[in-house]
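To start, the structure under review is shown below, and the notes come after it.
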Amino acid sequence: MGDQNEFRHLLRALRMQRGLSQDAVGAAVHMSGSQIGHYETGRSVPPEPVADAIDALLGADGELTRTAKDARGEAVAPWLRPWRENEERAHLLRWFEHSLVPGLLQTEAYARAVIEAGPHTPDQIEEAVQIRMKRQAVTLERSDPVEMTAILGEAALRHGDPTIMKDQLEHLVDIGHRPNVRIRVVPFGAGLHAGLTGAFVIASMPNGTPVVYLDDLVEGKIGIRIREVRHAMIAWEDVCARALPCEASRNLMLRMIDEHEQQAKLAQEHAQR
């Protein structure tokens, strides 16, 4: 309940700094003093108009409005939110993919190629691509970007058009230099492992709650039950133990870039004959 605690402590501190009672604050925003007390004890969170009014009254310069918004978000159970919202709110993402590059790390061309492989109309494809690009911006380009560790099966780096894959691998190498992004590869030589049963993501939310996304053919499943989280944690430890370190993974991707470049040249020469 980190965000809710931040709001209620800030509300109480600002009210006392102004020398106002709970009844005085309540009267100024047209509610009872006991309701202000409920906000300060964390029993409830004010709706946006009330938070704005209290913020203006106490001269909080938007801090009460912001922390109240965060607290309202935490009050909604993670499994009731769309996964994208959990992804955007997470402080830490641990992501495993055995066959595809994670959505947050995809180039636009790669994302389009993946989405085009499904039964979608051109308009649906374009909309899905733009949504994926926006997800990346919101999650990785925000002022406090998420800490992300992505582990990919080697197959994910080899499937696809050579030209698209060359650009995609170059993007992975570039983004892997960011201090908040770590990319590792499980090579073919690692053998069978728990991650081969399916892709998954473990998101650590601001209040510390772990939420799991289990991918499937249709739309995936959000899990928060102890059994689901435990299963994902064990699978994560297994793939971590088999994955190459970040530097070795980067070197493997650099070698693959050369391979894809050669394949693209051969394909171009063949097409010109």
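Values below: every heavy atom of this structure, side chains too, minus hydrogens, waters and symmetry copies. Note that this is a predicted model, so its numbers are computed, not measured. The residues of the chain are indexed from 1 along the displayed sequence.
Closest approach of Arg132 and Gly103 over heavy atoms only: CG-O, 3.7 Å. The shortest non-hydrogen separation linking Asn180 to Pro145 is ND2-CB, 3.5 Å. Looking at every heavy atom in both residues, Ala243 comes nearest to Arg184 through O-NH2, 3.0 Å. Nearest heavy atoms, Gly223 versus Val229: O-CG2, 4.4 Å. Across Ala203 and Leu93, no two heavy atoms sit closer than the pair CB-CD2, 3.6 Å. Closest approach of Leu105 to Ala150, counting heavy atoms only: CD1-CB, 3.8 Å.
Each of His91, Arg94, Arg182 was evaluated against Glu147; a single residue qualifies, Arg182, per the side chain to side chain donor-acceptor pair (under 3.5 Å) test.
Counting non-hydrogen atoms of other residues, nucleotides and ligands closer than 6.0 Å to CG of Asp144 gives a total above 12. Atom NE2 of His231 has 12 or fewer neighbouring heavy atoms from other residues, nucleotides or ligands inside a 6.0 Å radius. More than 12 heavy atoms of other residues, nucleotides or ligands sit less than 6.0 Å from atom CD of Glu116.
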**Request:** Take Lys134 and Gln130, measure what side-chain contact (heavy atoms from CB on, under 4.5 Å) needs, and give me the verdict at the end.
**Result:** CA-CA 6 Å; Lys134 182 179 179 181; Gln130 295 310 312; over 6 Å; no
**Request:** Go through the steps to decide whether Met256 and Arg158 satisfy the test side-chain contact (heavy atoms from CB on, under 4.5 Å), and finish with yes or no.
**Result:** CA-CA 8 Å; Met256 288 184 182; Arg158 296 191 179 277; 3.5 Å; yes
**Asked** Given the rule in the side-chain contact (heavy atoms from CB on, under 4.5 Å) test, do Arg227 and Arg230 qualify, once you have shown the distances and angles that lead to the verdict?
**Response** CA-CA 5 Å; Arg227 180 177 60 83; Arg230 179 175 178 273; 5.8 Å; no
**Request:** Please assess Ile234 against Glu237 for the test side-chain contact (heavy atoms from CB on, under 4.5 Å), listing each intermediate value before the final yes or no.
**Result:** CA-CA 5 Å; Ile234 292 173; Glu237 290 300 317; 5.8 Å; no
**Request:** Could you walk me through whether Glu170 and Lys166 pass the salt bridge (Lys or Arg N to Asp or Glu O under 4.0 Å) test, one step at a time?
**Result:** CA-CA 6 Å; Glu170 289 174 344; Lys166 175 181 175 292; 2.8 Å; yes
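Using a 4.5 Å cut-off on side-chain heavy atoms (C-beta onward), Met148 and Thr139 make no contact. By the 4.5 Å heavy-atom criterion applied to side chains, Ile54 and Ile36 are counted as neighbours. In this structure, the side chains of Glu127 and Ile131 come closer than 4.5 Å at one or more pairs of heavy atoms. At a threshold of 4.5 Å between non-hydrogen side-chain atoms, the residues Pro46 and Met31 do not count as touching. Between Gln22 and Gln35, every side-chain heavy-atom pair lies at or beyond the 4.5 Å cut-off. Within the 4.5 Å cutoff, the side chain of Tyr110 has heavy atoms near those of the Met165 side chain. Considering only heavy atoms from C-beta on, Glu247 comes within 4.5 Å of Asn251 through its side chain. Under the 4.5 Å side-chain criterion, counting only non-hydrogen atoms from C-beta, Arg242 is not in contact with Val239.
Linking Ile, Leu, Val, Met, Phe, Trp and Tyr whenever their side-chain heavy atoms come within less than 4.5 Å leaves Met133 and Leu100 in two separate clusters. Transitive grouping of hydrophobic side chains (ILVMFWY, heavy atoms separated by less than 4.5 Å) brings Val29 and Leu14 into a common cluster. Grouping the Ile, Leu, Val, Met, Phe, Trp and Tyr side chains by contacts below 4.5 angstrom, directly or via other members, places Ile125 apart from Ile164. Criterion: ILVMFWY side-chain heavy atoms under 4.5 Å apart, direct or through other members. Under it, Val138 and Leu140 are not part of a common hydrophobic cluster. Both Val146 and Trp83 sit in one connected hydrophobic cluster of ILVMFWY residues. Membership requires side-chain heavy atoms under 4.5 Å apart, directly or through other members.
Here Leu252 contributes atom CG and Ile257 contributes atom CD1; the two are 10.0 Å apart, rounded to the nearest 0.5 Å. If you take CD1 on Ile202 and CG on Leu92, they are separated by 9.0 Å, rounding to the nearest 0.5 Å. Rounding to the nearest 0.5 Å gives a distance of 11.5 Å between CD of Glu261 and CG of Leu169. Taken from CH2 in Trp95 to CG in Leu152, the straight-line distance is 10.0 Å, to the nearest 0.5 Å. In this structure, CE in Met233 is found 11.5 Å from CD1 in Ile226, a value given to the nearest 0.5 Å. One finds the CG atom of Leu157 at 10.5 Å from the OG atom of Ser99 (value rounded to the nearest 0.5 Å).
Grouping Ile, Leu, Val, Met, Phe, Trp and Tyr by side-chain contacts under 4.5 Å, direct or through others, puts Leu196 with Leu192.
A side-chain donor-acceptor contact under 3.5 Å links Asp55 to the backbone of Glu63. For the pair Gln136 (side chain) and Gln106 (backbone), a donor-acceptor distance under 3.5 Å is present. Judged by distance alone, with hydrogens and angles left aside, the side-chain atoms of Ser249 form a donor-acceptor pair with the main-chain N or O of Leu244 at under 3.5 Å. Without hydrogens or angle criteria, Arg12 side chain to Glu40 main chain gives no donor-acceptor distance under 3.5 Å. Side chain of Arg112 to backbone of Val129: no donor-acceptor contact under 3.5 angstrom is found. The main-chain N or O of Thr107 is found under 3.5 Å from a side-chain atom of Gln168 such that the two form a donor-acceptor pair. Side chain of Tyr39 to main chain of Leu11: no donor-acceptor pair is present (N/O by atom type, distance under 3.5 Å, no hydrogens or angles).
Remark: Arg178 engages Glu141 in a salt bridge (Lys or Arg N to Asp or Glu O under 4.0 Å) (not counting sequence neighbours). Taking His98 as the reference, nothing meets the side chain to side chain donor-acceptor pair (under 3.5 Å) condition, with sequence neighbours excluded. For Ala24, the side-chain contact (heavy atoms from CB on, under 4.5 Å) partners at least two apart in sequence or on another chain are Leu20, Ser21. Remark: Arg225 engages Glu228 in a salt bridge (Lys or Arg N to Asp or Glu O under 4.0 Å) (not counting sequence neighbours).
The existence of a salt bridge linking Arg142 and Glu88 is excluded, since no basic side-chain nitrogen approaches an acidic carboxylate oxygen closer than 4.0 Å. With respect to Glu85 and Arg89, no salt bridge is recorded, no charged nitrogen being found less than 4.0 Å from a carboxylate O.
Residue pairs meeting the ring pair (Phe, Tyr, Trp, His ring centres under 6.0 Å) criterion with at least one partner in residues 165-210, sequence neighbours excluded, are Phe96-His193, Phe96-Phe200.
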